[in-house]
Each structure stands twice: as C-alpha cells, then as structure tokens.
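Structure record follows, encoded as structure tokens.
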Amino acid sequence: AEILRDHVQAMSGAELEIVAASAVRAGHQGRALILVGMSPLVSKLGLSAEGLGPGGICIDTPPGALALFGLDDETSSDRWGTLYAVVTFLEDHLGCRYLWPGESGKVIPKRPTITVGDIHVRYTPKIRQRRIRSLGYSDRLQVGLDRLGFTKQDFQQLRKAAVAVRLADPGWFRWHRVGGTMNLRSGHAFGHYWKKYGRDHPEWFAMQPNVSRDQSLAGDRARLCVSNPELIEQIARDKIAELSADPSRSSVSLAPNDGGRLTFCMCERCKALDAPKGRKISLLYDDATGERIERRYFDYVSLTDRMVTFYNAIAERVTKVHPDALLVADAYSVYSAPPVKRKLHPNIVVRFVPMTYLSDEDRKKALRDWDAWSQSASKIYFRPNFLNGGRRVGMLLVFAHKMGEDLRYLSRHGMVGTDFDACLHNWATHGLNYYVLGKLLWNPDANVNALIDEYCRSGFGPAAAPVKRYFARVERITDEIARQTESADARRLDITEPYTPEVIAELSELLKQAEKLAAGDKAVLERIAFLRQGLAFTDVQARAYRFLEQGAGADRTAAQRILDRKYWMMREIFEKEHLAVNVAYVAWGGGGYWKRLGWRWEADRAKPEVGP
C-alpha cells in the first residue's frame with residue numbers, strides 16, 4: 001500500500017490515505033476505494049484468489065473500486081502476489097518503470113489526473129521459481145577492493161547509497177517480480193568432506209593420474225571417488241539426517257564440489273561407469289609429482305553416466321526413509337552432457353548449467369543437451385552462468401533477443417524454475433540484459449522488441465531512437481563475437497577485440513545524438529551519462545587488452561599510461577557511479593593479467609590528467 005501511495009503521489013501529487021480494511025466504515029461509502037490485498041471488502045465485491053497459483057495476481061475494477069491482490073500467505077512458495085499486483089498495475093496501467101536500481105533508474109511519468117479504466121487481469125507466473133542471484137560482498141570482491149584501495153565498509157556504504165530511492169520501494173529485483181521458490185537445496189554439497197573424512201577414509205576421494213588420493217591441495221573443492229560404496233552409504237546417512245533434523249526441509253543437494261586443482265577419480269571402478277561413447281572432453285589436473293606443480297590436460301569422455309549412477313545410488317537409499325524428498329544434482333562441467341546409458345531416479349531434480357551467448361556453437365549444443373536431459377530427468381531447472389559472461393572485463397554485452405528465444409523455448413519444454421548466477425551489477429554495460437531477463441521470468445512469452453522499446457522510450461523519452469540504435473549496435477557486436485567463437489572457453493580477450501577506436505567513436509556518436517535530443521531534460525541526460533560511463537570503461541578496457549595481446553612487443557610505457565588511467569577510472573566509478581560497472585569484481589577477475597606488462601596494483605601512481 002505504501003509503494004502504491006508513494007508512486008501515485010510522485011506521479012500526480014495526490015495523497016492517498018491508507019486505512020485498514022477493518023476500519024472502513026459507513027463514512028467511506030460512496031467513495032472510490034483502492035483495495036490492496038485480500039480482505040472481506042474484496043470478497044463482498046465478488047472477487048477471490050481462487051484459481052490463482054503461487055505468485056498469482058488479480059487486478060480488477062468492480063463498481064467503485066480498484067482491487068489489487070494475490071494469494072500471499074495462502075502459499076508458502078511465493079507470498080508476494082499482492083506486491084506483484086501493485087507493481088504490474090504501476091507498470092502496465094500507469095507507465096512506471098524501474099530500469100536499474102537507484103534513483104536514476106526509476107521512471108515515474110507525470111500525470112495531473114490518474115484515470116483507471118475497466119481492468120480484469122488474473123495471471124499466475126508460468127515459471128514457479130524465478131531466481132536471479134544478486135552479487136554482493138564476497139572473498140573475491142575483497143581481492144578487488146584491496147587492489148583498488150577500498151574496504152568492505154566502503155563497498156557496503158556505497159552500494160547502500162547507490163540503490164536507495166526516496167519512495168517506498170521493494171528493490172529492483174522484487175519490483176521485477178523475481179521470486180518464488182521450489183524449496184530446493186542446491187549448491188556444491190561436499191566442501192567439508194576432506195576435512196571431515198579424509199584422514200580416516202582417503203579411499204573415499206578421487207584417485208589422481210599419479211595414483212594419489214591426497215586432496216590437501218583442493219581445499220574445500222575435494223573430488224570424490226563416486227563409485228566407493230562406503231562413501232555412498234555415508235552420504236546417504238548424512239542426507240537422511242539433514243532431512244530428519246528439519247521436517248520443513250523437502251530437499252537436499254548432491255551437487256559435487258566445483259573447480260579445484262585436482263581432477264576427477266581415475267580409479268578403475270569409477271572409469272568402468274563411464275560410457276565409452278560419451279562426449280569427448282578434456283580433463284585438467286595439477287601434477288605435483290615433480291619438483292614443481294605443472295598444469296596438465298588429458299583427453300577423456302563425459303563423466304555424466306558415472307555421476308548419474310552416483311546420484312541414483314544415494315537417492316535410492318534416502319527415499320526409503322524420506323519417500324517424498326527431492327535430491328538436487330547437477331548437469332555441469334564435465335558431466336553436463338546428457339547420460340548415454342542411464343536415466344535418473346524420479347526424485348532427482350537436475351540443475352542444468354550449460355548456456356552461453358558468447359559462442360553460437362556452445363549455445364546450440366546446450367539447447368540439444370536440454371532436450372536430452374529433459375527426457376532423462378523428471379524435473380529440471382535452469383541454473384546458467386551466462387550472466388557472468390565477460391565478468392573479468394565488465395565491458396558492453398547485449399544478448400537480449402537470444403535470451404528471449406531460449407527462455408520461451410525452455411519454459412515450454414520442461415523448465416520448472418530458474419537460478420541465474422548472477423547479476424554482477426554492471427548496470428551501464430549489461431543492464432539491458434538484466435531488465436529483459438526480469439521481464440521474461442515473469443512472462444517468458446513477452447516480446448523482446450517490445451521490452452527494449454519500453455526500456456528506451458520510458459527511460460530516454462525524446463532520445464529513445466539513438467539509444468535504441470546504441471543497444472542494437474552492441475547486440476550485433478555480441479552476436480558477431482558468438483559467431484566467431486568456437487567455444488565460450490576460448491581466450492577471454494576475444495570479448496575486447498571488436499571494440500576498436502572506430503566502433504567506440506560510432507557508439508559515442510549515438511550517445512551524442514541522444515544528448516542533443518534530450519537537451520534540458522535532467523533525468524534523461526543523467527541516464528545517458530550513466531550509459532556513457534559504461535562506454536568509457538569499455539573503451540579503456542579494450543585499449544588495455546590490445547597491449548596485452550601484443551605480448552613481448554607491447555610498448556610498456558604506453559601500456560602503463562592506459563593502465564594507470566583505467567585504475568583511476570575504476571576508483572572514480574566505484575565512488576561516484578557505483579552501479580555502472582562492478583569494478584571491484586573486475587579487478588578480481590582480470591586483475592592478474594597486467595603483471596605481464598610490468599604493471600602492479602600496489603604501485604604508487606599519480607592521477608593522470610583527463611585526456612583522450
């Protein structure tokens with residue numbers, strides 16, 4: 001109710017009184033009422049939430065009233081239906097928009113009089129779990145903060161200030177109706193196993209090509225010997241205990257540990273579970289048998305069939321005690337290819353990770369794999385990493401149309417939920433992707449062209465046309481990267497290469513046209529300046545990476561100048577335009593490359609003069 005009241009006042013100046021439904025007396029008779037949430041008043045008007053699913057909304061205009069409500073507390077899996085109804089009304093009927101977090105991202109059109117016509121909307125979101133992770137503080141981010149000379153407290157204060165708005169506000173994610181839950185426990189599940197069991201049961205862990213099972217180098221990313229029957233029994237006991245300890249818990253995770261310096265188990269029993277006709281892969285491990293650690297690769301086949309055998313064995317044991325429990329497993333890494341010989345236990349839910357928009361070849365493969373996995377598993381949800389594309393550089397990328405095609409397809413072919421890792425908060429370079437994604441999760445059948453139109457028209461008014469051409473040009477560049485890249489694992493420098501000085505000048509000219517058309521409109525000019533910050537960062541990154549590509553032949557003096565300039569730009573973005581690019585995360589992700597040019601984060605450097 002406060003959100004609706006504040007936005008209506010900001011739009012029109014009208015001050016709406018908030019009154020509890022139980023306090024509405026005869027004095028209110030004859031006055032138009034806005035009914036927010038279910039109440040006896042709503043029921044008296046012949047309206048109900050019957051037939052709505054989790055997160056479902058009703059917007060209706062019975063005689064003399066506007067009703068906005070959802071199921072709310074009647075469903076534990078999504079209790080925000082009334083809020084979703086209010087936001088949908090503010091957007092679809094009053095024209096409000098939320099482009100990015102913070103004051104400049106809020107769009108509230110001015111209307112001296114607000115008139116509400118005949119409305120009868122009932123809608124339940126097709127995607128039950130609509131999750132986008134919001135990247136916050138982490139150990140990785142702290143590495144970047146240290147490199148830029150900031151503290152955790154600096155980050156927390158500046159992030160809080162950047163997302164603050166003057167109105168009652170649910171935050172960008174809740175506004176876009178990102179929500180709902182399937183109550184699935186996911187995530188890498190065995191990070192503590194080496195510390196807990198390694199000393200007494202080294203045989204439970206992955207045999208390396210040098211026959212060692214020592215996982216000391218792996219930290220919390222130890223690899224398991226997934227064919228070991230005693231390990232399977234122990235994991236089953238642990239998962240049964242987790243479920244028994246909390247009757248409200250309906251699921252547990254079986255997801256293997258991520259990454260790590262060691263490879264997967266090469267014992268004969270594990271290898272016997274692998275399908276010889278499985279997809280060809282390359283495995284990596286750090287060989288520590290010599291005087292120094294060497295990184296080595298070797299060819300192998302997909303490990304999916306061994307992992308499915310592992311998942312099934314645990315599921316069979318757990319469901320004897322908890323027959324309704326769900327067990328969450330991964331289609332990821334070197335076990336992302338569909339199984340060749342095996343199907344999954346019906347209580348297993350698969351987190352499907354593969355998808356990228358930096359390689360057309362990998363995208364097509366991911367869609368084929370989705371179809372195959374959906375035949376092997378009774379439940380599958382989408383847990384992609386593609387929002388992390390370019391995370392080490394933070395540069396301009398737009399892939400809205402491909403994303404729209406794929407979410408529409410997946411929603412019609414078995415997808416029960418999503419868990420996107422993650423919104424990096426690069427709002428001036430990736431913000432259009434975030435916006436379109438939020439809209440598509442609420443309605444996967446939404447038209448992407450219309451979504452981009454509304455983003456540009458609502459946020460940039462008279463400058464909408466050149467801003468739209470700006471995003472379209474960036475999307476063509478992103479598409480070209482994807483066409484030319486055989487695999488998304490190809491060298492990260494490819495992302496920077498298309499942003500030549502000529503392309504940067506072309507994009508800059510489009511923003512100049514936008515600035516000219518928006519002359520005198522302070523809010524629009526501020527939003528264009530926000531986009532320009534993303535373009536400027538893209539430019540300096542591309543310049544820096546060109547020196548890196550030149551290798552030993554690079555002009556180190558010139559490289560040091562551009563890297564110094566980038567350093568000060570990153571500090572300025574962090575302090576003054578915090579949400580434009582998550583520069584601390586970029587400093588972590590790509591921060592080690594510059595040693596090759598003799599540049600160090602820790603060096604004392606004078607702030608350079610502003611120049612081209």
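- To the nearest 0.5 Å, atoms NZ (K364) and OG (S359) are separated by 9.5 Å.
- Looking at residues two or more places apart in sequence or on another chain, you find no side chain to side chain contact (heavy atoms under 4.5 Å, CB included) involving D220.
- The nearest pair of heavy atoms linking L344 to A377 is CD1-CB, 4.0 Å.
- Looking only at atom types and distance, the side chain of Y381 has no donor-acceptor partner in the side chain of Q129 under 3.5 Å away.
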Intermediate values then yes/no, salt bridge (charged side-chain N to carboxylate O under 4.0 Å, His left out), E549 and R546:
CA-CA 5 Å; E549 288 180 324; R546 279 195 286 277; over 6 Å; no
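- Looking at T478 and V474, their side chains come closer than 4.5 Å, going by heavy atoms from C-beta outward.
- When atom types are taken as modelled, the side chain of N426 and the backbone of N582 share a donor-acceptor pair closer than 3.5 angstrom.
- L224 places none of its side-chain heavy atoms less than 4.5 Å from the side chain of W204.
- Panel note: side chain R185, backbone V252; no donor-acceptor pair is recorded below 3.5 Å.
- What you find for K271 and M266 is that their closest heavy atoms are CE-O, 3.4 Å.
- Using a 4.5 Å cut-off on side-chain heavy atoms (C-beta onward), R412 and D445 make contact.
- Side-chain polar atoms of D246 and S248 form a donor-acceptor pair below 3.5 angstrom.
- Residues in residues 205-257 take part in these ring-ring contact (aromatic ring centres under 6.0 Å, His included) pairs, two or more places apart or across chains: W194-F205.
- Taking each heavy atom of H188 and P256 in turn, the nearest pair found is ND1-O, 2.7 Å.
- Between W172 and Y434, the ring center distance fails the sub-6.0 Å criterion.
- Under a 3.5 Å cut-off, the side chain of K439 and the backbone N or O of P444 do not form any donor-acceptor pair.
- Contact between A189 and S253 at its shortest, heavy atoms only, is CB-O, 3.4 Å.
- Checking side-chain atoms of H322 against main-chain N and O of D324 turns up no donor-acceptor pair under 3.5 Å.
- No side-chain donor from either of D214 and S212 sits under 3.5 Å from a side-chain acceptor of the other.
- Between L597 and L548 the shortest side-chain heavy-atom distance falls below 4.5 Å.
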After noting the C-alpha distance and the side-chain angles of D78 and R130, does the key distance pass the salt bridge (charged side-chain N to carboxylate O under 4.0 Å, His left out) rule?
CA-CA 10 Å; D78 198 342; R130 305 171 306 283; 2.9 Å; yes
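- Nearest heavy atoms, L358 versus G389: CD1-CA, 4.0 Å.
- With sequence neighbours excluded, the residues forming a side chain to side chain contact (heavy atoms under 4.5 Å, CB included) with V503 are R473, I477, Y499, T500, L507, listed by chain and number.
- With rounding to the nearest 0.5 Å, the separation of CG in L327 from OG in S186 is 12.5 Å.
- Between the side chains of Q550 and Y545, not a single donor N or O lies within less than 3.5 Å of an accepting N or O.
- Two residues are said to be in side-chain contact when any heavy atoms from C-beta on lie closer than 4.5 Å; P338 and R279 meet this criterion.
- In this structure, the side chains of L135 and D421 stay at 4.5 Å or more apart for every pair of heavy atoms.
- Under the salt bridge (Lys or Arg N to Asp or Glu O under 4.0 Å) criterion, D360 pairs with K402, not counting sequence neighbours.
- Y84 has its ring centre less than 6.0 Å from the ring centre of W442.
- A side chain to side chain contact (heavy atoms under 4.5 Å, CB included) with R383 is found for one member of V350, L184, D419 and no other, namely D419.
- Proximity of a side-chain donor or acceptor of S251 to a complementary backbone N or O of N183 within less than 3.5 Å is detected.
- No donor-acceptor pair closer than 3.5 Å links the side chain of R199 to the backbone N or O of K195.
- F264 CZ to C225 SG: the interatomic distance, rounded to the nearest 0.5 Å, is 13.0 Å.
- Between the side chain of S77 and the main chain of G180, no donor-acceptor pair closer than 3.5 Å is present.
- Not counting sequence neighbours, the partners of V301 by the side chain to side chain contact (heavy atoms under 4.5 Å, CB included) test are D274, K280.
- Between the side chains of N312 and E316, no donor-acceptor pair is found at a separation under 3.5 Å.
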Walk me through it: do R363 and E405 pass the test salt bridge (charged side-chain N to carboxylate O under 4.0 Å, His left out)?
CA-CA 12 Å; R363 177 193 175 207; E405 291 172 14; 3.0 Å; yes
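- Between the T304 side chain and the A337 main chain, a donor and an acceptor come within less than 3.5 Å of each other.
- Side chain to side chain, Q234 and D238 meet the donor-acceptor criterion of an N or O pair below 3.5 Å.
- Side chain to side chain, D479 and Y357 fail the donor-acceptor criterion of an N or O pair below 3.5 Å.
- Exactly one of V143, L145, L424 qualifies for a side chain to side chain contact (heavy atoms under 4.5 Å, CB included) with Y585. That residue is L424.
- Between the side chain of Y197 and the main chain of L231, no donor-acceptor pair closer than 3.5 Å is present.
- Interatomic distance, CG of L71 versus CG of L52, reported as 5.0 Å (0.5 Å rounding).
- Inter-residue side-chain proximity for F352 and L410 is flagged as unmet; no heavy-atom pair is nearer than 4.5 Å.
- With sequence neighbours excluded, the residues forming a side chain to side chain contact (heavy atoms under 4.5 Å, CB included) with H192 are K196, listed by chain and number.
- The backbone N or O of K341 sits less than 3.5 Å from a side-chain atom of D305, completing a donor-acceptor pair.
- The minimum heavy-atom distance between P202 and R213, with the atom names listed, is O-CD, 3.4 Å.
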Show your working on ring-ring contact (aromatic ring centres under 6.0 Å, His included) between F386 and F399 and close with a plain yes or no.
CA-CA 10 Å; F386 67 70; F399 39 73; 5.7 Å; yes
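- The closest side-chain donor-acceptor pair between H425 and S134 falls under 3.5 angstrom.
- Of the inter-residue distances, the one linking L326 atom CG with T319 atom OG1 reads 10.5 Å to the nearest 0.5 angstrom.
- Interatomic distance, N388 CG to C423 SG, rounded to the nearest 0.5 Å: 10.0 Å.
- Between E454 and Y435, some side-chain heavy-atom pair lies under the 4.5 Å cut-off.
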Begin with the C-alpha distance, continue with both residues' side-chain angles, and end with the deciding distance and a verdict on side-chain contact (heavy atoms from CB on, under 4.5 Å) for N385 and F420.
CA-CA 7 Å; N385 289 323; F420 285 84; over 6 Å; no
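- Cation-pi check for R177 over W80 is not met; the charged atom does not lie both under 6.0 angstrom from the ring centroid and within 45 degrees of its normal.
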